[in-house]
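Notes follow once the structure below has been shown.
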Amino acid sequence: MERLQKIIAQSGYCSRRKAEQLINDGHVKVNGQIVTTMGIKASYEDEISIDDNILNIKEDKVYYLLNKPRGIITSTTDDKKRKTVVDLIDEEKRIYPVGRLDYDTTGALILTNDGSLTNLLIHPKNNIEKVYIAKIKGLPTKEDIKKLCNGVIIDGIKTSKAKAKIRKLDKKNNVSIIELIIHEGKNHQVKKMFEAIGYEVIKLRRERFAFLDVKNLKSGEYRKLSIKEVKQLYSLVNKEKR
Ligand code: URA
């Protein structure tokens, strides 16, 4: 949702100020109804007309890949006024994150204003692969790793099949680095999966989301996705509609 005068101005019809005047003077309809209340919000899906001429308000889609730093919330706003992932990106359009990474989790996060792609990417039926690297307290056994792969019970539900492997066992410091590949996105899933087998995650990074990794992005850096990458994401979810 966006202020009506902003949507009108973005369509290129006139300036925001002129749009306010047009609203005030009763020239503007939203879905066939004249609107004169200032400050009212509309969506890009609404039909907006001026003197019965329908505006083309389709917003260009933008897609970003961010290497999310620690200490930033994955949200569009925060009631405690903390910085959000959206604040890190220099983009006028209203964008939002695809799924969620915890405040202290780092790594690959897509942000976009493409709601249909977002819904497809986060829907479990589409099986999007997410690769996490977890630093955990303790030294898991092969049996523990097998449990992660076969599924563990979190919040009363068994997680689906996953892939996991030990990247490093640091016996001296009693910590390990584990790679865990999952296709779901339950709340705090990785931390809860480790908790279910008796280990605490002390650091978590998402190394890859689908085929997108952040190896070339420093913490807090981001880049636009290429058209090819966007198409590739659409083909992963088998819906070439846009
Ligand atoms: N799983 C978690 O526990 N935290 C995240 O941020 C992402 C996946």
Side-chain angles (χ1 to χ4, degrees), residues 64-78 80 82-89 95-112 117-138 140 144-168 175-215 217-222 233 236-237:
Y64 292 94
L65 175 65
L66 167 72
N67 184 357
K68 179 194 172 293
R70 200 181 313 279
I72 302 279
I73 63 161
T74 305
S75 170
T76 49
T77 54
D78 181 44
K80 291 187 207 140
R82 287 175 299 181
K83 225 179 189 187
T84 74
V85 285
V86 171
D87 295 329
L88 298 179
I89 299 194
I95 54 171
Y96 34 88
V98 174
R100 201 174 270 271
L101 288 179
D102 294 338
Y103 186 70
D104 56 354
T105 301
T106 61
L109 183 69
I110 297 175
L111 294 104
T112 179
L117 182 62
T118 300
N119 290 335
L120 292 165
L121 289 174
I122 61 179
H123 200 292
K125 77 166 191 239
N126 286 315
N127 269 321
I128 299 297
E129 195 167 84
K130 282 145 262 182
V131 181
Y132 290 94
I133 308 299
K135 182 176 183 183
I136 62 166
K137 228 183 232 175
D144 291 327
I145 297 298
K146 212 183 239 174
K147 281 186 203 158
L148 287 179
C149 296
N150 291 336
V152 292
I153 309 286
I154 61 170
D155 302 327
I157 298 168
K158 194 172 179 194
T159 56
S160 27
K161 290 238 176 301
K163 287 183 202 151
K165 68 176 178 213
I166 297 171
R167 282 206 182 172
K168 193 173 162 190
V175 292
S176 312
I177 307 288
I178 312 294
E179 176 185 299
L180 179 61
I181 306 181
I182 57 174
H183 294 90
E184 304 163 293
K186 298 187 203 302
N187 234 353
H188 312 301
Q189 178 154 348
V190 174
K191 290 175 187 166
K192 284 182 179 169
M193 284 176 77
F194 278 101
E195 193 185 308
I197 59 161
Y199 295 89
E200 186 197 341
V201 172
I202 43 184
K203 251 188 187 177
L204 185 60
R205 173 165 60 89
R206 182 152 73 189
E207 192 173 70
R208 179 158 64 75
F209 180 96
F211 53 86
L212 295 164
D213 68 52
V214 286
K215 281 182 193 143
L217 295 171
K218 295 198 186 92
S219 174
E221 278 187 351
Y222 60 89
L233 285 175
L236 275 183
V237 292

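Note that these values count all heavy atoms, side chains included, but never hydrogens, waters or copies made by symmetry. When a ligand or atom number is given, it counts from 1 through the structure's own listing order.
Remark: minimum distance from atom 4 (N) of ligand 1 to any protein heavy atom is reached at Asp102 OD2, 2.7 Å. Of the protein's non-hydrogen atoms, the one nearest atom 1 (N) of ligand 1 is Val190 N, 3.0 Å.
Screening Leu109, Asn67, Thr106, Leu66 for a side-chain contact (heavy atoms from CB on, under 4.5 Å) with Val214, the sole residue that qualifies is Asn67.
Of all atoms in ligand 1, numbered sequentially from 1 with element shown, those under 4.0 Å from a heavy atom of Tyr132 are 7 (C), 8 (C). Per-residue contacts place Leu204 under 4.0 angstrom from the following atoms of ligand 1 (heavy atoms of the residue considered): 1 (N), 2 (C), 3 (O), 4 (N), 5 (C).
Geometrically, ligand 1 and Thr105 share a nitrogen or oxygen pair separated by less than 3.5 Å. Below 3.5 Å of separation, one finds an N or O of His188 facing an N or O of ligand 1. The shortest N or O to N or O distance between Lys191 and ligand 1 is under 3.5 Å.
Counting only residues at least two apart or on different chains, the salt bridge (charged side-chain N to carboxylate O under 4.0 Å, His left out) pairs with a member in residues 155-164 are Asp155-Lys192.
Taking the charged nitrogens against the carboxylate oxygens, Arg82 and Asp78 do have a contact shorter than 4.0 Å, which makes a salt bridge.
Summarising the geometry, atom CD1 belonging to Ile95 is positioned 4.5 Å from atom CD1 belonging to Ile89; distances are rounded to the nearest 0.5 Å. The line from CD1 of Ile178 to CD1 of Ile197 is 7.5 Å long, rounded to the nearest 0.5 Å.
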Please set out all donor-acceptor pairs under 3.5 angstrom arising from side-chain atoms of residues 131-138, sequence neighbours excluded.
| unit_1 | atom_1 | unit_2 | atom_2 | d |
| --- | --- | --- | --- | --- |
| Tyr132 | OH | Arg206 | NH1 | 3.1 |
| Lys137 | NZ | Glu200 | OE1 | 3.4 |

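With a 4.0 Å cut-off on non-hydrogen atoms, Val201 does not touch ligand 1 at all.
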